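Note sheet for the following structure.
Predicted model only: the values in this text are computed from it and were never measured. Throughout, a chain's letter reflects where its sequence line sits, starting with A, and its residues are numbered from 1.
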Protein chains: 2
Amino acid sequence: MIIKIGELAKISDCSVQSIRHYEKEQLLSAKIRSDGNFRLYDQADIERLLFIKHCRSLDLSLGEIRQLLSLNDSPMSQCDDVNQMIEQHIEQVERRIAELTLLNKQLKALRRSCTSKRTVEHCGILKQLNKAVSQNN
Amino acid sequence: MIIKIGELAKISDCSVQSIRHYEKEQLLSAKIRSDGNFRLYDQADIERLLFIKHCRSLDLSLGEIRQLLSLNDSPMSQCDDVNQMIEQHIEQVERRIAELTLLNKQLKALRRSCTSKRTVEHCGILKQLNKAVSQNN
DNA sequence: TATTGACTCTATAGTTACTATAGACTTTAA
DNA sequence: TTAAAGTCTATAGTAACTATAGAGTCAATA
């Protein structure tokens, strides 16, 4: 089965531009073109793109995915490389969660400081933001 | 006290380029320039920049901060506008936390699937990533 | 067969919040 | 006076796309 980019986009739920972007980033290439220079894809390409999408859904960067794909393409390399990348990625995600959790607390404290229909002149939130500012100083 | 951009950068722990960037984005402007066209700042500018930095530490976007500043500059507007923005921002942060928490679970499941020194040919992680792909299909 | 509409092509600009650089000018201290 | 440090504007780069323009291709209808 040979398909053009539009159909690949539908099958993979991925925009046409994203697919072309992945090609530019060397993650996926249409090995052949039609007479009129249209990209043509086969089953293996579909699977490769779904692999990419799955990795993206795990927030892996295109660079990381490129590494995984090349490891996948050369089966003699060490599994540990994959492990290490995933490990680092987990750490990064956990750091970000911790940051956002703290942020969430601060925002909620801020929200509590103003709840009524007052003019900004007396808005607790703005007062808090300004107070924190002068404390910093 | 009148200072130049370098000193403002030091006081506020903000890069010189960031300050110029905030000016371009109309968050902060040097009202006066020296004879040699250097930006000159006063105490009010320092406070305004610290306010901006505090908002940035809460992950508010420059657009949101611009709104807050203009509300702050026109004290007759409604406090509710501020509330609403903070509310939306909290929701956004909480959505992102939920996403990342799910992501973290998936990554840890993935990690469990390969732990030994095998070649990639038998790497559980890559197998898992590929499996998920074919399931999607 | 000609034409229309849908699809595809490349190349470029925009998004966000900056950082980094180049090349020129200004200020300050020795 | 001169050298170093600071500043100026303008531009390009970051990540992972999205959006657009202008031109070419393909399939089906009139």
Can you identify which nucleotide, out of [options], has its nearest atom closest to the [X] side chain?
X	options	value
S61(B)	dA17(C), dT10(C), dT27(C)	dA17(C)
L62(B)	dC18(C), dT27(C), dC8(D)	dC18(C)
R39(A)	dT28(C), dA16(D), dC9(C)	dC9(C)
F38(A)	dT27(C), dT8(C), dA16(D)	dT8(C)

Kindly say if [X] contacts the phosphate of [N], meaning a side-chain N or O under 4.0 Å from OP1 or OP2.
X	N	result
S15(A)	dT18(D)	yes
S34(A)	dT25(D)	no
R33(A)	dT10(C)	yes
Y22(A)	dC17(D)	yes

Separation of [X] atom [atom1] from [N] atom [atom2], in whole Å?
X	N	atom1	atom2	value
I5(A)	dC7(C)	CD1	P	13 Å
Q26(B)	dA17(C)	CD	P	15 Å
I19(B)	dA20(C)	CD1	C1'	16 Å
K24(A)	dT18(D)	NZ	C1'	12 Å
I3(A)	dC7(C)	CD1	P	15 Å
Q17(A)	dA21(D)	CD	P	13 Å
N37(A)	dA23(D)	CG	P	17 Å
E25(A)	dT18(D)	CD	P	13 Å

Is any side-chain N of the basic residue among [X] and [Y] closer than 4.0 Å to the acidic one's carboxylate O?
X	Y	answer
E25(A)	R56(A)	no
R33(A)	E23(A)	yes
E7(B)	K4(B)	no

Please lay out, stage by stage, how I90(A) and E94(A) fare under the test side chain to side chain contact (heavy atoms under 4.5 Å, CB included). CA-CA 6 Å; I90(A) 287 173; E94(A) 289 186 340; 3.9 Å; yes
Heavy-atom nearest nucleotide on DNA chain C taken for D59(B) and for R20(B); more 5' hit belongs to D59(B)
Report the residue (L40(B) or D35(A)) whose heavy-atom-nearest nucleotide on DNA chain D is the more 5′ of the two. L40(B)
Only residue of I32(A), L8(A), L49(A) satisfying side-chain contact (heavy atoms from CB on, under 4.5 Å) with Y41(A) is L8(A)
